[in-house]
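Just the heavy atoms: all of them, side chains too, but no hydrogens, waters or symmetry mates, feed the values below. Reminder, nothing fancy here: chain letters follow the sequence lines and each chain counts from 1.
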2 protein chains.
Amino acid sequence: MVEPTPGYELPLQLFAAFRAIIDAAHADLARHGHPDVKPMHGFVFQAIGTSGTTAVELGKRLGISKQAAGKTIAGLEQQGYVERAADPGDARRKLVRLTAKGVDMLAVSARSFDAIQARWAQTIGPERLAALQADLRTLAPGEVFRLDIPGWFGADR
Amino acid sequence: MVEPTPGYELPLQLFAAFRAIIDAAHADLARHGHPDVKPMHGFVFQAIGTSGTTAVELGKRLGISKQAAGKTIAGLEQQGYVERAADPGDARRKLVRLTAKGVDMLAVSARSFDAIQARWAQTIGPERLAALQADLRTLAPGEVFRLDIPGWFGADR
DNA sequence: CCATGATCGACAACCTGGTTTACTATATGG
DNA sequence: CCATATAGTAAACCAGGTTGTCGATCATGG
């Protein structure tokens, strides 16, 4: 058995695992008062962080245009997860910060991710999970997380 | 150090690894005569397979509506990757099959995925990679691969 | 001190891909 | 022979991303 699996299975497995985590986390979120957040939003909140940011900065962190970041912020503002305030030191900028609701969502999702990780550690053993993560770090060295999934996946150009 | 990484890193690592593979494969494809295929298309080709399928069947396999499948097929047909023919046994159905170009693309991508897998095996060691794949299979047991990434990622639940 | 250039946020037009709803054509079974 | 189910297509719409543009506001160099 030199070649147990065809090479195309590896990316599928990676993605299935990714999706399994995200789905589990969002099932958790729905159960804890955040039924309307989309998978994307979690990453946006993470990128905003507790100290706030601006549209341009958010765009850079997520690897999308500032316009796209602005649209996302507008949507999140309407849902009550973030709020915008003028920057006292620079009238061009608008500070984007998480509301209490946004902070709560971030806390719930952090707990959820930790719980999932713990469950996985229990399933395959903590040392196996640690090895898995170490190997992933080696193979896909830590780049910034980029959020342009739809465009990346579907558009090439 | 009981908890070396916060739980939210795990999905990010998984996705980064997934993306690294896909990007490498498509760089390969671009170098071998298929510069205009998008990440999505590879999965579509895989779902069509060498024996062909229909729009409805394709939609089921990819977890998207038959209309979306039809649109994708139309695009691929225009690019010369698939062709449609009437089903002699059922005048409602239209058989979708890969053209020679489509088959070639599938072959190139298969070779590419194998090469990437081999490279990874070399990097972390074959037994580590085997362990990684075995663990992923355990943690995200083999579901059907679903292609509705854009909608899934961005749609509410 | 001010002109020039860079930066921030917003708007508009457009693209891709997905969804729902609706309709036609063809099978199939009571 | 008719009722129902299925295959494919089209239209209208939505979400999210992109580029291009613009006004307002800094920052800097002459």
Side-chain angles (χ1 to χ4, degrees), chain A residues 36-44 47-48 52-79 81-97 145-157, chain B residues 19 36-45 47-48 52-79 81-97 145-157:
Chain A
D36 47 357
V37 285
K38 313 169 195 174
M40 211 189 67
H41 294 153
F43 296 100
V44 178
I48 294 173
T53 183
T54 68
V56 167
E57 179 55 28
L58 183 61
K60 269 181 199 148
R61 282 187 201 163
L62 298 176
I64 59 180
S65 66
K66 62 176 182 175
Q67 293 89 335
K71 278 192 196 177
T72 302
I73 291 168
L76 253 25
E77 188 177 31
Q78 210 163 3
Q79 289 188 270
Y81 282 106
V82 305
E83 58 191 1
R84 272 184 280 198
D87 183 331
D90 187 337
R92 292 172 306 179
R93 313 177 78 209
K94 286 193 185 166
L95 273 279
V96 181
R97 268 173 316 174
F145 182 74
R146 312 196 57 220
L147 227 228
D148 54 344
I149 320 277
W152 165 75
F153 202 68
D156 147 315
R157 196 139 319 187
Chain B
R19 185 159 179 162
D36 47 357
V37 285
K38 312 169 196 173
M40 208 190 69
H41 294 154
F43 296 99
V44 177
F45 290 152
I48 294 173
T53 182
T54 68
V56 166
E57 180 55 26
L58 183 62
K60 269 181 198 148
R61 281 185 202 167
L62 298 176
I64 60 179
S65 65
K66 62 177 182 177
Q67 293 90 335
K71 278 192 196 178
T72 303
I73 291 168
L76 254 25
E77 188 177 32
Q78 209 162 1
Q79 288 186 271
Y81 283 106
V82 304
E83 59 190 1
R84 273 184 281 198
D87 183 331
D90 186 337
R92 291 171 307 176
R93 312 177 78 207
K94 287 191 184 168
L95 273 281
V96 181
R97 266 172 318 175
F145 183 75
R146 312 197 55 219
L147 224 231
D148 53 345
I149 319 279
W152 166 75
F153 204 67
D156 83 322
R157 183 123 328 177

Check the distance between [N]'s [atom2] and [X]'s [atom1] and give it to me in whole angstrom.
X: B/Phe153; N: C/dT19; atom1: CZ; atom2: P; result: 17 Å
X: A/Ile64; N: C/dT16; atom1: CD1; atom2: P; result: 20 Å
X: A/Ile149; N: C/dG17; atom1: CD1; atom2: P; result: 15 Å
X: A/Leu62; N: D/dG16; atom1: CG; atom2: C1'; result: 13 Å

Minimal non-hydrogen separation, A/Ile73 against A/Val82, with atom names: O-CG2, 3.8 Å
Side-chain N or O of A/Thr54 closer than 4.0 Å to phosphate OP1/OP2 of C/dT7: no
N or O in side chain of B/Ser65 less than 4.0 angstrom from C/dT21 OP1/OP2: no
Greater than 12 external heavy atoms within 6.0 Å of A/Arg97's CZ: no
Contact nearer the 5' end of DNA chain D, comparing A/Ala69 with B/Glu57: B/Glu57
5' precedence on DNA chain D between A/Ala68 and A/Ala91 (nearest-nucleotide basis): A/Ala68
Nearest-neighbour nucleotide for the B/Gln67 side chain, D/dA10, C/dG9, C/dG18 considered: D/dA10
B/Leu62 vs B/Val44 side-chain heavy atoms within contact, under 4.5 Å: yes
Sugar-phosphate, base or nothing in reach of B/Asp90, heavy atoms under 4.0 Å: sugar-phosphate
Sugar-phosphate only, base, or nothing, as touched by B/Lys71 at under 4.0 Å among non-hydrogen atoms: base
Distance-only donor-acceptor test (3.5 Å): side chain A/Lys66, base C/dG9: yes
Parallel, tilted or perpendicular, as decided by the 30° and 60° cut-offs, for the rings of A/Phe43 and B/Phe153: parallel
